[in-house]
Amino acid sequence: MIAVIAEPRDGTVHRGSLEAIAAASQLASRPPIVVLAGTGLEHALSALAQIETGGIFLLEQSIAGHEARAVVTRLTDWIREAGPELVLAAHTYWARDVIPRVAARLRCPLISDCTAIRNGEGRRLFTRPLFRGKLTADVAVEGPWPHLATLQIGAFSSDSVQSSTESAPVTRLLTTRAADDSAGIADPPFQESTPSIDLSRAEKIVAAGRGIQDAKQLELVGRLATAIGAEVAASRPLCDAGWLPLDRQVGSSGQTVAPRLYVALGISGAIQHIVGMKGAKTIVAINKDSQAPIFEIADYAIVGDLNDILPALITALADD
Ligand SMILES: Cc1cc2nc3c(=O)[nH]c(=O)nc-3n(C[C@H](O)[C@H](O)[C@H](O)COP(=O)(O)OP(=O)(O)OC[C@H]3O[C@@H](n4cnc5c(N)ncnc54)[C@H](O)[C@@H]3O)c2cc1C
């Protein structure tokens with residue numbers, strides 16, 4: 001049995017938890033068991049109502065507040081009791097707080113920030129980044145169950161979550177105050193920034209990468225986007241440099257997008273960028289390096305210098 005620890009968030013469940021459910025469904029013939037732990041779980045439960053699961057467990061706390069230790073105790077007890085072979089969770093700030101503690105208490109392996117999981121060669125292989133994403137490694141875990149893994153946000157598509165018309169059985173385990181609950185007062189949950197622009201709804205996106213070298217070129221990016229009615233987005237280095245606001249960043253630590261058209265300008269195609277846009281229907285990539293990894297997923301590859309191509313493209317569109 002595979003279990004997914006879903007994260008209650010703002011009256012619903014974190015998007016990454018749906019991605020974890022999709023990942024679990026692909027790995028096993030039976031739908032996963034979903035576990036929700038914390039307080040105020042009823043709203044989060046309703047967000048799972050239309051999703052195919054093998055059952056939902058609510059580990060409710062009798063006191064309010066995010067108390068990592070209390071959640072850890074309940075999850076650890078539940079995993080010991082239920083005995084899943086694999087436990088998945090999205091690699092969120094909440095999970096980074098909770099899941100390693102659960103793994104330590106269970107004395108079981110945890111593979112964090114996975115970008116893929118596959119069954120093969122008689123064992124399960126977990127793909128995860130190394131050296132700040134420069135390399136990826138396939139990790140095989142030895143030793144008894146359970147194995148725990150967190151999944152990089154955007155690495156799996158929540159679109160492939162199976163919907164269901166029948167409600168899965170829900171088991172409510174209301175726990176009273178445990179000894180651990182009072183062992184620490186937790187800070188408020190880490191607030192991830194709320195994007196003011198929702199790129200996930202954009203039909204067309206023109207995204208700029210480090211191949212864009214100055215403000216003049218950035219202006220051309222904007223003109224190209226206007227010409228085709230697209231939103232402007234960027235890879236992380238451009239947002240880090242302050243060239244575009246952070247809410248325009250696409251990738252594992254930015255937004256996940258799935259437009260009809262994604263035009264990647266001077267973007268190399270690092271995994272952290274790819275996971276945020278690989279769901280685009282048509283990808284056009286322009287890069288002067290014919291070996292750039294972005295071309296592996298591009299539908300249309302234009303090898304050349306943006307200094308030449310960008311003005312020519314804008315002129316051609318204006319002439320249309
Ligand atoms: C924990 C973590 C999270 C991350 N999250 C994200 C994320 O959310 N989003 C993200 O994008 N990155 C993220 N990154 C960074 C990621 O690893 C890459 O460093 C980044 O995506 C590279 O951006 P880039 O492709 O614009 O730049 P580069 O990798 O430097 O690529 C620039 C490309 O432009 C091309 N080029 C240069 N000049 C020209 C020209 N004149 N004409 C045409 N082509 C040209 C080059 O050939 C090159 O391929 C993250 C990294 C880490 C460690």
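Atoms within each ligand, like the ligands themselves, are counted from 1 in listed order. When a residue number appears, it is its place in the shown sequence, counting from 1. The figures here come from the full heavy-atom set of this structure, side chains too, leaving out hydrogens, waters and symmetry mates. For clarity, every value in this text was computed on a predicted model and none was experimentally measured.
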- How about Arg30: does its CZ atom have over 12 heavy atoms from other parts shown lying under 6.0 Å from it? no
Judged by atom type as modelled, is there a donor-acceptor pair below 3.5 Å linking the side chain of [X] to the main-chain atoms of [Y]?
X: Lys278; Y: Ile297; answer: no
X: Arg223; Y: Glu219; answer: no
X: Arg248; Y: Val232; answer: yes
X: Thr150; Y: Asp113; answer: yes

Short list, please: which atoms of ligand 1 are under 4.0 Å from a heavy atom of [X]?
X: Gly254; result: 8 (O)
X: Val250; result: 7 (C), 8 (O), 9 (N), 10 (C), 11 (O)
X: Gly251; result: 7 (C), 8 (O), 9 (N)
X: Gln213; result: 38 (N)
X: Ile267; result: 25 (O)
X: Ala270; result: 16 (C), 17 (O), 18 (C), 21 (O)
X: Asp289; result: 47 (O)
X: Gly304; result: 42 (N), 43 (C)

- Message: Quick check on salt bridge (Lys or Arg N to Asp or Glu O under 4.0 Å): which of Arg128, Arg118, Arg123 does Asp138 satisfy it with?
- Response: Arg118
- Item | Derivation and outcome, side chain to side chain donor-acceptor pair (under 3.5 Å), residues Thr92 and Glu7 | CA-CA 9 Å; Thr92 61; Glu7 177 178 336; 2.5 Å; yes
Does ligand 1 come near enough to [X] that some N or O of the ligand is less than 3.5 Å from an N or O of the residue?
X: Gly266; answer: yes
X: Gly209; answer: no
X: Leu306; answer: yes

Who's closest to [atom] heavy-atom-wise, of [options]?
atom: atom 52 (C) of ligand 1; options: Gln255, Arg236, Met277, Gln249; value: Arg236
atom: atom 16 (C) of ligand 1; options: Gln272, Gln291, Arg210; value: Gln272
atom: atom 35 (C) of ligand 1; options: Asn307, Ile212, Ile271, Asn287; value: Asn287

Counting only heavy atoms closer than 4.0 Å, does ligand 1 sit against the backbone of [X], its side chain, both, or neither?
X: Ile294; result: neither
X: Ser253; result: both
X: Ser268; result: both

- Task: Report yes or no: does a heavy atom of Pro237 sit under 4.0 Å from some atom of ligand 1?
- Result: yes
- Query: Do any heavy atoms of Ala208 fall under 4.0 Å from ligand 1?
  - Reply: no
- With side chain to side chain contact (heavy atoms under 4.5 Å, CB included) as the test, would you mind laying out the steps for Val71 and Arg74 before giving the verdict? CA-CA 5 Å; Val71 170; Arg74 285 156 180 76; 5.9 Å; no
- Derivation and outcome, side chain to side chain contact (heavy atoms under 4.5 Å, CB included), residues Leu36 and Leu48: CA-CA 10 Å; Leu36 279 163; Leu48 298 172; 3.8 Å; yes
- Message: Would you say Ser252 and Arg236 are linked by a side-chain donor-acceptor pair, where the criterion is simply a distance under 3.5 Å?
- Response: no
- Is there side-chain contact between Leu313 and Ile286, with heavy atoms separated by less than 4.5 Å? yes
- Query: Are Trp243 and Val250 connected, step by step, through hydrophobic side chains (Ile, Leu, Val, Met, Phe, Trp, Tyr) whose heavy atoms are closer than 4.5 Å?
  - Reply: no
